[in-house]
Amino acid sequence: MDARDVGRRIADAQARARAARRRADGAAAVAERHEAALRDAGAMTRQMHETMAEIHRRTQQRHDTAASIHLAYAAALHPGPPRLRPGGPRSPEVAVPLFMTAVAGVLRGRGATLTLDDRADGLDVVVASTPFAKAVQDVELLLEEGPSHDVASGGEVVVAAPSEFSDRWSRYGPCVSELGVRSLVAVPLPAPQGGLGSLLILDPVERPISRATSRARAVAEALIDMIVAGSGSAAASLPPCHSSTRRTITSGPTRRPG
């Protein structure tokens with residue numbers, strides 16, 4: 001990817017961020033109208049206004065989150081001094097990991113992974129933000145147990161601290177403790193072609209942990225919007241779910257037996 005390609009990607013991400021902000025502002029305006037109507041609402045209409053206000057506030061949060069991801073991705077793409085870019089110009093293979101680095105930044109965590117599970121074709125597409133996140137996810141892929149598996153099987157949010165790791169996952173737990181994971185949050189991510197994926201955040205800094213969970217949910221919703229629309233900057237480049245191979249991506253794709 002040459003400098004012009006990088007410039008176009010940056011401009012595209014910034015434009016998408018502006019569009020997302022406009023959508024967020026529109027949703028906020030609708031929510032404010034319903035919240036204002038609540039002051040004079042009777043018993044018959046109060047619930048309707050409350051529901052509509054809540055829906056549009058969530059929509060606002062989703063679009064605000066998408067804008068933050070796009071801006072973080074643009075910042076990650078921005079060329080820095082040569083010493084900060086040992087690999088030379090950005091190549092297409094690193095676009096997705098850079099996007100996940102941006103996602104991890106918005107999540108305020110040490111690392112993040114995105115797993116899409118296509119049940120029809122038996123494919124796991126795993127994108128990791130850093131080598132640390134990749135190492136954690138490789139353990140789960142190898143041992144076939146861990147938070148992403150739990151989310152895929154149960155569809156529920158998983159939150160765990162080191163004291164719980166070994167009790168929840170007899171093999172995965174000790175391994176990720178050795179890797180230095182201090183806490184984790186995994187939330188469901190409905191895969192575009194069916195099945196259920198997950199978004200995993202490692203060592204979120206926000207406390208209480210419920211705030212980190214809420215942020216992860218908002219990011220997951222924003223990512224699904226991007227992937228389904230095919231307009232999520234690097235998210236649009238995620239490998240399609242059409243083979244039976246598991247792939248883990250950081251600086252480049254590596255294949256594992258399915």
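Predicted, not measured: the structure shown is a model, and the values here were computed from it.
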Trainee: Could you tell me whether the side chain of Leu199 reaches within less than 4.5 Å of the side chain of Val219, counting heavy atoms only?
Mentor: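 Contact flag for Val219/Leu199 side chains = yes.
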Trainee: With a 4.5 Å cut-off on side-chain heavy atoms, are Val181 and Pro162 touching?
Mentor: no
Trainee: For Glu164 and Val159, work out which heavy atoms get closest and say how close.
Mentor: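 Answer, listing the atom of Glu164 first, then Val159: OE1-O, 4.3 Å.
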Trainee: Just wondering, are more than 12 heavy atoms of other shown residues or ligands nearer than 6.0 Å to CD in Glu54?
Mentor: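 Count not over threshold, so no.
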Trainee: Going by heavy atoms in the side chains, are Cys175 and Leu143 under 4.5 Å from each other?
Mentor: yes
Trainee: Distance alone, cut at 3.5 Å: any donor-acceptor contact between the side chains of Glu144 and His149?
Mentor: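 Distance-only check fails for Glu144 and His149.
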Trainee: First locate atom CE of Met48, then atom CG of Leu38, and finally report the distance between them rounded to the nearest 0.5 Å.
Mentor: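 The CG atom of Leu38 is 9.0 Å from CE of Met48, to the nearest 0.5 Å.
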Trainee: Kindly give the heavy-atom pair with the smallest separation between Leu200 and Pro147, and that separation in Å.
Mentor: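 Residues Leu200 and Pro147, closest heavy atoms: CD1-CG, 3.9 Å.
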Trainee: What ring-ring contact (aromatic ring centres under 6.0 Å, His included) pairs are there with at least one residue in residues 19-52, not counting sequence neighbours?
Mentor: His34-His49
Trainee: With distance as the sole test, does Ser214 use its side chain to make a donor-acceptor pair with the main-chain N or O of Ser210 at under 3.5 Å?
Mentor: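 Side chain of Ser214 to backbone of Ser210: no pair is present.
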Trainee: Measure from the side-chain N and O atoms of Ser170 to the backbone N and O of Ser166, and report whether any donor-acceptor pair falls under 3.5 Å.
Mentor: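 Answer holds: no.
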Trainee: Are Val187 and Val151 close enough that some pair of their side-chain heavy atoms sits under 4.5 Å apart?
Mentor: no
Trainee: Apply salt bridge (Lys or Arg N to Asp or Glu O under 4.0 Å) to Arg217 and list each qualifying residue two or more places apart in sequence or on a separate chain.
Mentor: none
Trainee: If you look at every heavy atom in Met100 and Val127, which pair is closest and at what distance?
Mentor: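 So the two residues come closest at CG-CG1, 3.1 Å.
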Trainee: Is there a side-chain contact between Arg57 and Glu32 (heavy atoms, below 4.5 Å)?
Mentor: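 Contact flag for Arg57/Glu32 side chains = yes.
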Trainee: Could you state the interatomic distance from CZ (Arg182) to CG (Leu202), rounded to the nearest 0.5 Å?
Mentor: 10.0 Å
Trainee: A side-chain contact here means heavy atoms from C-beta on lying under 4.5 Å apart; do Leu114 and Val103 qualify?
Mentor: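 Not in contact.
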Trainee: State yes or no: do Val176 and Val205 share one hydrophobic cluster built from I, L, V, M, F, W and Y residues joined by side-chain heavy-atom distances below 4.5 Å, directly or via other members?
Mentor: no
Trainee: Using a 4.5 Å cut-off on heavy atoms from C-beta on, say whether the side chain of Gln14 contacts that of His70.
Mentor: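 They are not in contact (no side-chain heavy atoms under 4.5 Å apart), so the answer is no.
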Trainee: Measure the spacing between CD of Glu50 and CD of Glu35 and express it to the nearest 0.5 Å.
Mentor: 10.5 Å
Trainee: With heavy-atom distances below 4.5 Å as the criterion, would you say the side chains of Lys134 and Thr130 are in contact?
Mentor: no
Trainee: Should the ring pair Trp169 and Tyr172 be called parallel, tilted or perpendicular, given that the plane angle runs from 0 to 90° and is split at 30 and 60?
Mentor: perpendicular
Trainee: Look at Asp25 together with Arg21 and state whether they make a salt bridge at an N to O cut-off of under 4.0 Å.
Mentor: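 Salt bridge flag = no for Arg21 with Asp25.
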Trainee: I need the minimum non-hydrogen distance between Gly111 and Ser129, along with the two atoms involved.
Mentor: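 Minimum heavy-atom contact is CA-OG, 3.4 Å.
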Trainee: Rounded to the nearest 0.5 Å, what separation is found between the CE atom of Met52 and the OG1 atom of Thr59?
Mentor: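 Reported value, rounded in 0.5 Å steps: 9.0 Å.
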Trainee: Are Arg168 and Glu145 ion-paired here, with the side-chain N under 4.0 Å from a carboxylate O?
Mentor: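 No, this pair does not count.
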Trainee: Taking all non-hydrogen atoms of both residues into account, name the closest pair between Thr113 and Ala133 and its distance.
Mentor: CG2-O, 3.7 Å
Trainee: What is the minimum heavy-atom distance between Leu189 and Ala220, and which atoms define it?
Mentor: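 Smallest interatomic distance, heavy atoms only, reads CD1-O, 3.4 Å.
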